[in-house]
Participant: 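Pasting in a structure now, in structure tokens, and then I'll have a few things to ask.
In this text, all values refer to a predicted model and were calculated from it rather than measured experimentally. Atoms considered below: every heavy atom in the structure, side chains included; atoms not considered: hydrogens, waters and symmetry mates. Chain A is the first sequence line, chain B the second, and so forth, proteins listed ahead of strands; every chain is numbered from 1.
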Amino acid sequence: MVSVILKPMKRQGARYDHTAIERAWRAVWEKERLDVAAISGVKSAKRSRRKGPFYNLMMFPYPSAEGLHVGNMYAFTGSDIYGRFKRLQGYEVFEPIGLDGFGIHSENYALKIGRHPMDHAEVTEKRFYEQLHTIGAMYDWTRTVETYDPGYYRWTQWLFVQMFKHGLAYRGKAEVNWCPSCKTVLADEQVIDGCCERCGNIVEKRLLDQWFFRITAYAGKLLDNLKKLDWTEKVKVAQQNWIGQKQGIEITYDILTNDGSSAGEVVCFTTTPVNFAATFLVLSPEHPFVSRILQVTDAQRAADIRRYVTKTQQVSREERERQGKKKTGVFSGLYAVNHVTRERLPVWISDFVLTGVGTGAIQACPAHDARDYDFARTFGLPIRSVISFDTEVHIVVLKKFVSSDFSARLQKIAVYGEDRGEEYAVVAPRQMSEKVVRMVRNELTGPHAFAQADGTVAGVITKDGVLSNPDLCAEFFRSHGYGTDLWPVLADRYPFCYIGDGLMRQSGFLNGMPFARAMQKTMDYFEEKGWGKRVTAYHLRDWLISRQRYWGPPIPMIFCKECAAVGRSWFSTHEAKVMNIVSNNDMSGWPASKRLSAAMAGWYPVPERDLPVILPRIGDYRPGDDGVSPLAKHREFYETACPACGAKAVRETDVSDTFLDSSWYFLRYPSVHSGSNVAEVDRKKGVSDAMRGSLVAVHPSNGPAWAGDAGRGTPKKGSPLVGILGGTPVAGPAGTDRRMTVLEQTRRAASLELPWDPAITKTWLPVSLYTGGAEHSVLHLMYSRFVTMALHDWGLLPFDEPFPVFYAHGLIIKDGAKMSKSKGNVVNPDDYIGRYGADALRLYLMFTGPFDQGGDFRDSAMEGMSRWVGRVWRMALSAIEKHSKESGAKVETALQRTIQKVTADIEHRRYNTAIAALMTWTNLVADENGALGLADLSIFLRLLAPFAPFLTEELWHRAGETGPGIVPSASVHRAPWPDYDAAKVVDTSVTVVVQVDGKLRETFSLPSAGAVDRETVLARARKSDRIAHALGEAKEQKIIFIPGKLLNFVTR
RNA sequence: GCCGCAGUGGUGAAAUUGGCAGACACGCAGGAUUUAGGAUCCUGUGCCCGUAAGGGCUUAGAGGUUCAAAUCCUCUCUGCGGCACCA
């Protein structure tokens, strides 16, 4: 790769001048294109010594306020070390970097400091890239990706269009936080205690039309595929929980008015159809059927319902939880009929039933569900138990003896009731584990009894333990005014109990059947009768894509009123094809073909050849006080022509979610130079800048919003529009011709099919190793997987998982807390790189602990690492000076072992112990008075190179200068990774441990051959005074011998 | 509440098919060297008893399995992360 002999630094004397050395090598590496991956040439390289492509990807950063902090550097360095290691092993490694600079995070900061997001992006890009150049990572700087670059987000928009065309993007209602005073939508984090953070008014929930991606269509595959992924386990578990698969049944109920006439149907979802115990139905306040109820119920009740629904809307979900989950609700006046008992079930409305969960409607079985039980108790609804226990013993807890807090904890596992003025709880036998007994005992303020199913007392729990003496127990009951026939009374009169391994009763054909089997049987029965249908439900919700914000890719959709009026949409002409795709991919829960078309009436994607829809530079980019997207105030942006009928139409003015930008970026990196992207190829000539210029020169808004905008290149009021808006370029002022050319180029490129080169993608993807923070366990990693699966199903990608191997790194904290500006504990790596050098900082960060664990940043330890770097420097210089070929035997053998350990440790990202091994070896060299030959120095430098790229490169060249053949390559970073000699790492002598009764009494060193021989070791041990002393008079009963390791005299 | 992960010296940590607990560092103490140093080098450093030799104790706590447990099992406590009125 590096064809010329690199020029080494001038002699510096003994001190390691990290600043000068780092600067010099950065320049040389860039000139020699050391870190530029052979993206296209890798196939031919494959046949030579290189082992093939390795795509080493680190989650790209979103540029924040402070620039890179040391936590970022920790993560990037850990990833880079592995990349460098793989390259030394002979892989062609591609390690790209970019910026996730679009989105709310960057926008908020820009807003805070009063800078236009476009200008802010420019500032942070410069700052981040400067910093990222200094940390010693092997980034391929010829292939960066910035999500706010039109050359990139054109393809983000393209992706949206494909989603739409494949029926995976749709418009639907979503609940958002709405401040009626500010008339704006608020993000969740802008809602403080249910009130608007700006004006203090109570925030309402509103249903607004939003764009969604139908990620739920992939819920099953997202779950199933987890099995085949090599990911940090806890991230997999997090995804599993988030997807939340559960098997259940949807049961359809006929709803009747009081006089028995039909009012419609409601579908309830349940995983546990205890239908003989169902005594009422509950709908969420947002359930569509509520509006039907309002029509058929009497005026007074309708008013009550309206009031209740309005009230629940004013309370945020967080607020609701804070109110202690007290049950509220309102009766609808309507009834359903229980299929199996034929009883009337009153239909209630309550906010404890959530809209997004199941079908937003439940059949309540208060005897067997704590929430239903609460609700039934609150409103005096009937409770019927249909489960009895198949074992004997129960605990009876008199509530007057426990705290109310504890009583609440018991709720899930106990039967509650009231008898003769005493409240009590009965714990089901299944639940009466040791844990419960201990729990009860700890909380106890008085004695508690066991009862048996036949009513006899089994035992009493007291503070001191469990009394099982029946007489004492009977006495306990008598003293509290109860007979010994307590339990059967309780079971019938207060039947709430936990669902365990009970047997069914009062359940017709299910009687006597174990609970779990009864549920399956019920589902069979309901399906047979046509009352219900088994379904697999998921916790996962569809991905809300739209944002009423400015700093993101405009959603590339056009709405035509004329077409909407006649029910025409893009699907009118493409429906058959779409539905074909849908059915081929077995996406359940799809709207019927007619409905898809109707739901999207009037909607058209922007034609691909017209992408990108440029985000115009506007002055009034702040999120509106009037509740609409900033772009919605720009007629010149949204006015366009309908792609189908040519009538006047409007663009979507929402932008897409940041997570869409980052959901596909890994596909772009290897292909940024591919022929499908003119803009990127010309980037170095400044074309990309010109493109950004085109962002600037867009028609100004009317009015004074522009006056205060200090942004670069803000056009004067009234200047003509430049950009591709409405698909028609508009002439710009003088000097904009060139920009037009670029945009034309971009547009032509956009007519190409894909954002990536298929051949390159086939070679380089999926990503070989993805490294990133566990905080992205769910969102980013889930979205990327979804997008990849969709692209795969459309036949555009040959794989369906983007990151077969994902490694979650730990976090660097400072003084025990996460770094954040508000805490004032952000550590800037620049200061430390300036003072100690990038290598010392890299080493320190990696030495602080295991890479998946993170660590606490401490200055003093940093000093220590700096000292070791100095020792290595002097050790190497001294070896180069002496110029001996061979090391001492001890040093050489130890180095062989070090190769073995460092190789294994890096492979498992145990960087801390790899560094410790290198230190141990340098300590040995020092102990041996620097008996280090150049051949071994060359090996050592290669082992250290992934961690300390600058130091090792400098020493590599100084060693190379001393004579031909000293170092095997021009750059240490293109040298072959050293192999160890298996014969040399075998121990010639081992330490054998001698124990007496498992206690260490003596150790001695023996030749390996002797140490594995029982008699030899035993003979040696017999000679030991210490062993004799330890054994004393005792006679050994047994001798344990582990060859090569241990001898244990057992005297017991 | 549910799920997951963790708990080892003054500090970061090492040691996991069960086999010398504390590697490697930081810090601290003492010493050497240097005009000086944010320099370098040497020695010591888990706790307790002891001048020492030596002995005892020790991996959050309790119990268990084993010749042998930081490691395996049971329970408890503490901390961190995710989910949470999920039907």
Participant: Is there a side-chain contact between A:N1048 and the phosphate of B:U66, meaning an N or O under 4.0 Å from OP1 or OP2?
Facilitator: no

Participant: Starting from C1' on B:G10, measure out to CG on A:D856 and report it in whole angstrom.
Facilitator: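 My rounded result for the distance is 15 Å.
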
Participant: Applying the side-chain hydrogen bond (donor to acceptor under 3.5 Å, both in side chains) test to A:Y836, which of A:E863, A:R867, A:H18 qualifies?
Facilitator: A:E863

Participant: A:Y911 has an atom OH; how far is it from atom P of B:A14, in whole Å?
Facilitator: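 From A:Y911 OH to B:A14 P: 15 Å.
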
Participant: Could you tell me whether A:K533 atom NZ has more than 12 heavy atoms of other residues or ligands within 6.0 Å of it?
Facilitator: no

Participant: Using atom P of each nucleotide, how far apart are B:U71 and B:G18 to the nearest Å?
Facilitator: 12 Å

Participant: Classify the ring geometry between A:F526 and A:W531 as parallel (under 30°), tilted (30 to 60°) or perpendicular (over 60°).
Facilitator: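 Rings of A:F526 and A:W531: perpendicular, over 60°.
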
Participant: On RNA chain B, check which nucleotide each of A:Y836 and A:I915 is closest to and give me the residue with the more 5' one.
Facilitator: A:I915

Participant: For A:D372, which contact category applies under a 4.0 Å heavy-atom criterion: base, sugar-phosphate, or nothing?
Facilitator: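 A:D372: no heavy atom of the nucleic acid under 4.0 Å.
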
Participant: Can you check the distance between B:G7 and B:A21, where both ends of the measurement are the C1' atom (answer in whole Å)?
Facilitator: 16 Å

Participant: Regarding A:S866, tell me which of base, sugar-phosphate or nothing describes its non-hydrogen contacts under 4.0 Å with the strands shown.
Facilitator: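 The answer is nothing, as A:S866 stays clear of every strand by at least 4.0 Å.
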
Participant: Kindly say whether the aromatic ring centers of A:W543 and A:F659 come within a distance under 6.0 Å.
Facilitator: no

Participant: Rounding to a whole Å, what distance do you find between A:D997:CG and B:A68:P?
Facilitator: 8 Å

Participant: How many whole angstroms separate atom CZ of A:F851 from atom C1' of B:G12?
Facilitator: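 Distance check: A:F851 CZ to B:G12 C1' gives 17 Å.
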
Participant: Within 45° of the axis and under 6.0 Å from the centre of the six-membered ring of A:F375, does NZ or CZ of A:K327 qualify?
Facilitator: no

Participant: If pairing requires Watson-Crick or G-U wobble contacts with both distances under 3.5 Å, which nucleotide is the partner of B:C83?
Facilitator: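 Paired with B:G1.
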
Participant: Do the side-chain N or O atoms of A:R871 get closer than 4.0 angstrom to the phosphate oxygens (OP1, OP2) of B:C41?
Facilitator: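 Yes, such a contact exists.
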
Participant: Of all the nucleotides listed (B:C85, B:C20, B:A14), which has the minimum atom distance to the side chain of A:D351?
Facilitator: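 From the listed options, B:C85 comes nearest.
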
Participant: At 4.0 Å (heavy atoms only), tell me whether A:Q853 reaches a base, stays on the sugar-phosphate, or touches nothing.
Facilitator: sugar-phosphate

Participant: Taking only N and O in the side chain of A:R371, is any of them less than 4.0 Å away from OP1 or OP2 of B:C86?
Facilitator: yes

Participant: Between B:G10 and B:C48, how far apart are the P atoms? Round to whole Å, please.
Facilitator: 9 Å

Participant: Donor-acceptor pair under 3.5 Å: do we get one between A:N241's side chain and the base of B:C83?
Facilitator: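 Between B:C83 and A:N241, which were checked side chain against base, a qualifying N/O pair under 3.5 Å is absent.
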
Participant: Please compare A:Q363 and A:A917 by the position of their nearest nucleotide in RNA chain B and report the one closer to 5'.
Facilitator: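 Mapping each residue to its closest nucleotide by heavy atoms, the 5'-most match is A:A917.
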
Participant: Considering only side-chain heavy atoms of A:K1038, which listed nucleotide, B:A14, B:G4, B:C67, is closest?
Facilitator: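 Of the candidates, B:C67 comes closest.
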
Participant: Take the protein atom CD of A:E233 and the nucleotide atom C1' of B:C3, then report the distance between them rounded to whole Å.
Facilitator: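 Result: 13 Å.
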
Participant: What interatomic distance, in whole Å, is found between P of B:A69 and the corresponding atom of B:G63?
Facilitator: 14 Å

Participant: Would you list the protein and nucleotides 27-37 of chain B atom pairs, both N or O, that sit under 3.5 Å from each other?
Facilitator:
{"residue": "B:G27", "atom": "OP2", "partner": "A:R867", "partner atom": "NH2", "Å": "3.1"}

Participant: Taking the P atom in each of B:G27 and B:G22, what is the distance between them to the nearest angstrom?
Facilitator: 22 Å

Participant: Using whole Å, report how far CZ of A:F280 lies from P of B:A87.
Facilitator: 17 Å

Participant: Tell me whether B:G61 sits syn or anti, counting syn as a glycosidic angle within 90° of 0.
Facilitator: anti

Participant: In terms of ring plane angle, is the pair A:Y844 and A:F857 parallel, tilted or perpendicular, where the classes change at 30° and 60°?
Facilitator: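 It falls in the perpendicular class, over 60°.
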
Participant: If you count heavy atoms of other groups shown closer than 6.0 angstrom to NZ of A:K1045, is the number above 12?
Facilitator: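 For A:K1045, atom NZ is not crowded (no more than 12 foreign heavy atoms under 6.0 Å).
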
Participant: Can you tell me if the side-chain N/O atoms of A:K246 get under 4.0 Å from OP1 or OP2 in B:A87?
Facilitator: yes

Participant: Given the P atoms of B:A6 and B:C72, what is the spacing between them in whole Å?
Facilitator: 10 Å

Participant: Do A:Y308 and A:T328 have side-chain atoms, one donor and one acceptor, less than 3.5 Å apart?
Facilitator: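 A donor-acceptor contact under 3.5 Å links the two side chains.
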
Participant: What integer distance in Å separates A:D374:CG from B:A87:C1'?
Facilitator: 14 Å

Participant: Output the rounded distance in Å from NZ (A:K901) to P (B:A14).
Facilitator: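 These atoms are roughly 10 Å apart.
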
Participant: Evaluate whether atom CD of A:E775 has more than 12 neighbouring non-hydrogen atoms of other residues, nucleotides or ligands under 6.0 angstrom away.
Facilitator: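 Buried by this count: over 12 neighbours within 6.0 Å.
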
Participant: Measuring centre to centre across the rings, with the benzene-like ring taken for any Trp, is A:W348 within less than 6.0 Å of A:F379?
Facilitator: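 Yes, the ring centres sit under 6.0 Å apart.
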
Participant: I'd like the P distance from B:A62 over to B:U8, given in whole Å.
Facilitator: 16 Å

Participant: Between B:A14, B:C3, B:C67, which one does the side chain of A:I1040 approach most closely?
Facilitator: B:C67

Participant: Pick the C1' atom in B:A23 and in B:U33, then give their distance to the nearest Å.
Facilitator: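 Between the two C1' atoms, the distance is 30 Å.
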
Participant: Indicate, yes or no, whether a donor-acceptor pair under 3.5 Å links the base of B:C85 to the side chain of A:K327.
Facilitator: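 Result: at least one qualifying N/O pair found.
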
